[in-house]
S.K.: 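Submitted below is the structure of interest, expressed as structure tokens.
Just so we're clear, the structure is a prediction, and the values are computed from it rather than from any experiment.
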Amino acid sequence: LGIRTVAVYSQEDRFALHRFKADESYLVGQGLGPVEAYLSIEGVIRIAKEARVDAIHPGYGLLSENPEFADACAAAGILFIGPSPAAMRALGNKVSARKLAEKAGAPVMPASPPLPRDINGAKAMAQEVGFPVMLKASWGGGGRGMRVIEEEAALAGEVETARREAEAAFGNDEVYLEKLVRHARHVEVQIIGDQHGTIVHLHERDCTMQRRNQKVVERAPAPYLDGVQRTTLHEAAVRIGRAAEYSNAGTVEFLMDVDSGEFYFIEVNPRIQVEHTVSEVVTGIDLVKAQIRIAQGAKIGSAESGVPPQEEITVNGNAIQCRVTTEDPENNFIPD
């Protein structure tokens with residue numbers, strides 16, 4: 001795009017490739033751990049100001065879904081390449097995202113409100129949803145804080161563990177329960193919206209193959225959907241995006257019950273995802289370029305945005321992404 005780029009890196013990543021691909025690069029979060037360094041809003045904004053940066057693309061993970069970071073960018077007069085802080089707040093919490101999906105007429109999984117501290121109250125909510133249930137963190141993903149609970153006796157211990165895990169990973173220990181679908185496929189729809197009220201989808205991806213609730217293999221398109229299922233799914237995703245007044249790239253995730261063929265909305269990821277590349281390959285649309293152009297005000301359907309109107313977004317062929325997981329298979333798959 002001919003735009004000069006500035007990268008940040010932690011001390012541990014000082015030899016990382018992205019640092020040398022950028023025109024300039026700066027150490028962020030000196031003295032902090034490798035994750036904390038990239039979570040330093042103050043550090044990132046300070047570098048951006050010193051380097052006279054116009055816009056920040058947050059990538060995926062770390063600060064990409066943090067509305068406080070988007071607010072800090074706005075306060076510093078820097079464009080945040082992503083959805084509005086209001087949309088992030090509405091969608092970043094899974095419980096409020098469910099309410100929004102319900103309002104948009106999308107099918108949602110039976111679930112509880114946030115669990116109270118009182119374990120008897122939590123047990124009553126679990127009975128209402130019906131065992132087996134899936135315990136989830138309200139403010140995060142990546143499988144952290146996620147537990148399958150088969151019966152009431154296991155509830156108290158699992159809730160305590162999940163709260164600790166959620167607090168450590170997301171700084172918030174709020175958890176809730178969702179009905180467990182035994183034979184599920186995980187299918188997600190890539191959406192992108194501009195600042196002029198247009199939202200389109202870039203078809204769907206299948207990410208059913210997971211280990212410890214972490215995605216391992218991604219495919220586009222999902223080969224098991226028929227035409228009616230596909231249309232239903234895409235329309236539900238776009239309706240949710242409209243209800244959130246969503247702009248920029250995002251992913252609407254669903255579970256499909258293999259036994260009944262029913263779909264259930266689970267969450268929206270208000271950011272670009274690691275697996276966005278399989279959608280790029282089959283649609284021919286560069287999502288990151290589109291994100292930057294849309295943040296600059298380009299309209300979907302214009303040559304400037306790089307995103308054609310909906311009827312021209314077609315799927316050509318199949319794409320598969322296989323992730324390398326940094327774990328030791330000879331030592332109980334511990335992170336390595």
Side-chain angles (χ1 to χ4, degrees), residues 65 90-116 121-152 154-155 158-159 162-163 166 170 172 174-191 201 204-210 212-215 222 224-225 228-230 232-241 243-244 246 250-270 273:
E65 291 182 65
L91 300 169
N93 178 296
K94 291 178 185 172
V95 177
S96 66
R98 276 176 55 83
K99 285 182 186 156
L100 192 130
E102 281 173 340
K103 219 192 283 182
V108 297
M109 193 79 74
S112 75
L115 294 186
K123 283 178 180 175
M125 285 181 180
Q127 289 296 350
E128 212 169 295
V129 175
F131 288 96
V133 293
M134 181 71 95
L135 179 64
K136 287 184 164 184
S138 295
W139 288 95
R144 291 176 183 85
M146 208 182 270
R147 301 275 186 287
V148 172
I149 304 176
E150 301 283 354
E151 55 191 11
E152 190 176 276
L155 188 72
E158 293 286 26
V159 166
R163 281 195 190 281
F170 314 114
N172 190 313
E174 187 179 283
V175 294
Y176 71 104
L177 299 169
E178 203 171 73
K179 183 77 185 148
L180 177 70
V181 177
R182 285 266 181 226
H183 303 113
R185 285 194 165 116
H186 193 152
V187 56
E188 57 192 27
V189 180
Q190 175 70 56
I191 62 168
H201 67 78
E204 80 290 337
R205 301 185 283 262
D206 168 72
C207 47
T208 303
M209 198 173 289
Q210 303 183 10
R212 290 184 179 162
N213 304 310
Q214 303 256 359
K215 298 167 187 176
Y224 44 79
L225 297 180
V228 174
Q229 288 174 319
R230 196 164 260 129
T232 303
L233 199 65
H234 296 165
E235 286 176 353
V238 170
R239 279 202 311 275
I240 291 167
Y246 198 86
T251 302
V252 187
E253 305 206 2
F254 298 87
L255 279 187
M256 177 186 174
D257 188 330
V258 175
D259 301 324
S260 69
E262 293 290 319
F263 290 104
Y264 300 101
F265 165 79
I266 41 176
E267 62 177 320
V268 177
N269 282 299
Q273 284 187 288

S.K.: Between L255 and H186, is a side-chain contact (heavy atoms from CB on, under 4.5 Å) present by the stated rule, with each step listed?
M.R.: CA-CA 5 Å; L255 279 187; H186 193 152; 4.2 Å; yes
S.K.: Which atoms form the tightest heavy-atom contact between A244 and L91, and what is the distance?
M.R.: CB-CD1, 3.9 Å
S.K.: With sequence neighbours excluded, what pairs up with P132 under the side chain to side chain contact (heavy atoms under 4.5 Å, CB included) test?
M.R.: E150, K179, L180, R182
S.K.: Grab the two heavy atoms, one from A137 and one from F170, that are nearest each other, plus how far apart they are.
M.R.: CB-CE1, 4.0 Å
S.K.: I need the M134 CE to M146 CE distance, nearest 0.5 Å.
M.R.: 5.5 Å
S.K.: Please report the closest heavy-atom contact between Y176 and L115, naming both atoms and the distance.
M.R.: CA-CG, 4.1 Å
S.K.: Taking atom CD of Q210 and atom OG1 of T208, what is their separation to the nearest 0.5 Å?
M.R.: 7.0 Å
S.K.: Is a side-chain N or O of R98 found less than 3.5 angstrom from the main chain of M109, in a donor-acceptor match?
M.R.: yes
S.K.: Under 4.5 Å between any side-chain heavy atoms of V129 and M125, yes or no?
M.R.: no
S.K.: Checking side-chain hydrogen bond (donor to acceptor under 3.5 Å, both in side chains) between Q190 and each of R205, Q273, H201, which is the one that passes?
M.R.: R205
S.K.: Please check if atom CD in E128 has more than 12 non-hydrogen atoms from other residues, nucleotides or ligands closer than 6.0 Å.
M.R.: no
S.K.: Determine whether a donor-acceptor pair (N or O, by modelled atom type, separation under 3.5 Å) exists between the side chain of S96 and the backbone of A90.
M.R.: yes
S.K.: Please report the shortest heavy-atom distance between V148 and E158, naming the atom on each side.
M.R.: O-OE2, 4.5 Å
S.K.: Is there a side-chain contact between I240 and I191, using heavy atoms and a 4.5 Å cut-off?
M.R.: no
S.K.: Judged by atom type as modelled, is there a donor-acceptor pair below 3.5 Å linking the side chain of R239 to the main-chain atoms of A104?
M.R.: yes
S.K.: Is there a side-chain contact between I266 and K136, using heavy atoms and a 4.5 Å cut-off?
M.R.: yes
S.K.: Of all the heavy-atom pairs spanning A126 and V133, show the shortest one and how long it is.
M.R.: O-CG1, 4.3 Å
S.K.: How close do F131 and I149 get, heavy atom to heavy atom, and via which atoms?
M.R.: CD2-O, 3.7 Å
S.K.: Using a strict cut-off of less than 4.0 Å between a Lys/Arg side-chain nitrogen and an Asp/Glu carboxylate oxygen, indicate whether K215 and E253 qualify as a salt bridge.
M.R.: yes
S.K.: Counting distance only, does the side-chain N/O of T251 pair as donor-acceptor with the main-chain N or O of N269 below 3.5 Å?
M.R.: no
S.K.: Run E178 and Y264 through side-chain contact (heavy atoms from CB on, under 4.5 Å) and show every step you take.
M.R.: CA-CA 11 Å; E178 203 171 73; Y264 300 101; over 6 Å; no
S.K.: Among L225, D257, V108, which residue satisfies the side-chain contact (heavy atoms from CB on, under 4.5 Å) criterion with F263?
M.R.: L225
S.K.: Any non-hydrogen side-chain atom of T232 less than 4.5 Å from a side-chain atom of F254?
M.R.: no
S.K.: If we ignore hydrogens and angles and just use 3.5 Å, is the side chain of R230 paired with the main-chain N or O of A222 as donor and acceptor?
M.R.: yes
